[in-house]
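Start at 1 and go down the list; that is how both ligands and their atoms are numbered.
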Amino acid sequence: MPLAKIPVPADLNKRPFSPQSEHAIDEAHEAIERFMLADEHFFDNFVNCDFHLVDQALSWIVENHLLTGDRFLEYGSGFGATTILASIHGMTAAGIEIEQPLVDQANALADRLKIAANFYCGSFIPRDIEGYADLAAEVQHVDTSAGDIYEQMDAAPDDFDLMFAFPWPGENGFFESVFEQTAAQGALFLTYNGIEGIRLHRKE
Ligand SMILES: C[S@@+](CC[C@H](N)C(=O)[O-])C[C@H]1O[C@@H](n2cnc3c(N)ncnc32)[C@H](O)[C@@H]1O
């Protein structure tokens with residue numbers, strides 16, 4: 001099943017923010033700064049995306065009726081801000097994160113903001129993925145050793161309508177393979193790619 005690229009508008013970053021999104025993003029930045037300065041934990045694979053740009057992408061997707069349903073999943077949710085923004089945009093939103101302290105931070109942020117979002121500790125990579133060993137050899141910043149968490153979530157990877165990830169440079173192909181092999185037909189895959197910005201694909 002190929003992935004079809006959906007062009008995103010060049011002026012995506014000119015879109016306005018709702019006060020609720022602005023507030024959530026401000027709170028997320030403050031929480032991340034506090035956590036980093038406390039210096040108790042350091043997670044090599046965690047770096048946060050541009051929450052403003054991702055919020056603008058989410059509002060554009062919703063406004064243009066690109067979704068086949070309302071379920072959102074973040075692969076590697078870190079502080080959970082994108083999952084929280086997806087909930088603000090009306091989605092039933094969940095994030096999977098391998099590091100328990102980051103899951104705790106995401107849950108605390110959602111509670112403070114009074115936003116419904118569920119965060120699970122485990123791996124987003126389904127166990128039965130084809131060519132797993134070869135794919136795993138392609139990535140350095142994704143934990144490929146842990147078991148997946150879908151059963152405990154009472155969900156399957158093809159239950160979701162929009163997935164989001166922030167892959168490290170050069171690791172996009174891994175995320176796209178996981179999405180392509182396991183998402184439902186019609187599901188969307190949104191990625192933030194540093195200076196290359198936002199990409200959006202649909203599974204055909
Ligand atoms: C580049 S960070 C992005 C965090 C968040 N998505 C954002 O955009 O702010 C990638 C995150 O994926 C997590 N991670 C790595 N391997 C994982 C796995 N197999 N399952 C779930 N999370 C994973 C890391 O701990 C890290 O928090």
Side-chain angles (χ1 to χ4, degrees), residues 21 24-36 40-58 72-88 91 93-110 113 117-129 132-133 135-153 155 157 160 162-179 181-183 189-200:
S21 288
I25 293 169
D26 288 349
E27 288 282 323
H29 283 146
E30 277 171 31
I32 292 170
E33 201 177 325
R34 271 198 308 274
F35 186 79
M36 295 302 191
E40 285 164 26
H41 312 283
F42 182 72
F43 299 109
D44 280 344
N45 295 333
F46 172 71
V47 58
N48 62 278
C49 67
D50 178 340
F51 301 133
H52 283 101
L53 190 59
V54 173
D55 184 72
Q56 288 165 315
L58 290 171
F72 171 94
L73 178 65
E74 184 169 5
Y75 290 160
S77 46
F79 261 73
T82 300
T83 301
I84 287 169
L85 291 170
S87 179
I88 289 173
M91 305 199 71
I96 302 177
E97 169 55 54
I98 202 83
E99 302 287 359
Q100 184 66 56
L102 295 180
V103 174
D104 296 342
Q105 291 291 323
N107 275 320
L109 180 62
L113 292 167
N118 292 311
F119 295 98
Y120 299 89
C121 188
S123 178
F124 68 87
I125 312 162
R127 283 165 226 262
D128 52 0
I129 202 147
Y132 194 90
L135 277 175
E138 289 174 15
V139 287
Q140 289 185 346
H141 298 284
V142 181
D143 185 327
T144 53
S145 60
D148 76 64
I149 191 76
Y150 295 98
E151 205 174 309
Q152 286 99 308
M153 291 169 73
F160 298 94
L162 173 61
M163 270 75 147
F164 169 76
F166 174 15
W168 281 76
E171 299 193 349
N172 262 69
F174 175 86
F175 283 83
E176 285 175 7
S177 292
V178 170
F179 174 80
Q181 280 196 47
T182 61
F189 189 36
L190 178 68
T191 54
Y192 171 75
N193 306 275
I195 51 166
E196 288 166 37
I198 289 288
R199 284 185 205 144
L200 183 64

Could you check whether any side-chain heavy atom of [X] comes within less than 4.5 Å of a side-chain heavy atom of [Y], counting everything from C-beta outward?
| X | Y | result |
| --- | --- | --- |
| Pro167 | Asn193 | yes |
| Met163 | Phe175 | no |
| Ile125 | Asp148 | no |

Report yes if [X] has an N/O atom closer than 3.5 Å to an N/O atom of ligand 1; otherwise report no.
| X | result |
| --- | --- |
| Thr144 | no |
| Gly76 | yes |
| Phe166 | no |
| Cys49 | yes |
| Phe46 | no |
| Glu74 | yes |

Enumerate the atoms of ligand 1 whose separation from the nearest heavy atom of [X] is less than 4.0 angstrom.
| X | value |
| --- | --- |
| Gly122 | 20 (N), 21 (C) |
| Glu99 | 25 (O) |
| Trp168 | 1 (C) |
| Leu102 | 27 (O) |

Heavy-atom nearest neighbour in the protein, as seen from atom 16 (N) of ligand 1, with distance rounded to 0.1 Å: Asp143 N, 2.9 Å
Top protein contact for atom 22 (N) of ligand 1, by heavy-atom distance: Ile98 N, 3.2 Å
Nearest candidate to atom 10 (C) of ligand 1, where distance is taken over non-hydrogen atoms, out of Asn45, Val47, Ile96, Val54: Asn45
Which atom of Asn107 lies closest to which atom of Phe119, heavy atoms considered: OD1-CD1, 3.5 Å
N/O donor-acceptor pair under 3.5 Å between Tyr150 side chain and Phe124 backbone: yes
Verdict with reasoning, Thr144 to Phe174, per side-chain contact (heavy atoms from CB on, under 4.5 Å): CA-CA 11 Å; Thr144 53; Phe174 175 86; 4.1 Å; yes
Of all the heavy atoms in [X], does at least one lie under 4.0 Å from an atom in ligand 1?
| X | answer |
| --- | --- |
| Phe43 | no |
| Tyr192 | no |
| Ala165 | no |

Ligand 1 contact on [X] by region, counting heavy-atom pairs under 4.0 Å:
| X | answer |
| --- | --- |
| Thr82 | neither |
| Ile125 | side chain |
| Phe79 | neither |
| Glu97 | both |

Sub-6.0 Å ring centroid separation between Phe189 and Tyr75: yes
Whether over 12 other heavy atoms sit under 6.0 Å from Glu138 CD: yes
Gap between atom CD of Glu171 and atom CZ of Phe166 - 0.5 Å precision: 11.0 Å
Spacing of CZ belonging to Phe179 relative to CG belonging to Leu73, to within rounding of 0.5 Å: 10.5 Å
Geometric class of the Phe35/Phe79 ring pair [parallel <30°, tilted 30-60°, perpendicular >60°]: perpendicular
Distance-only polar pair, side chains of Asn45 and Asp143, donor-acceptor under 3.5 Å: no
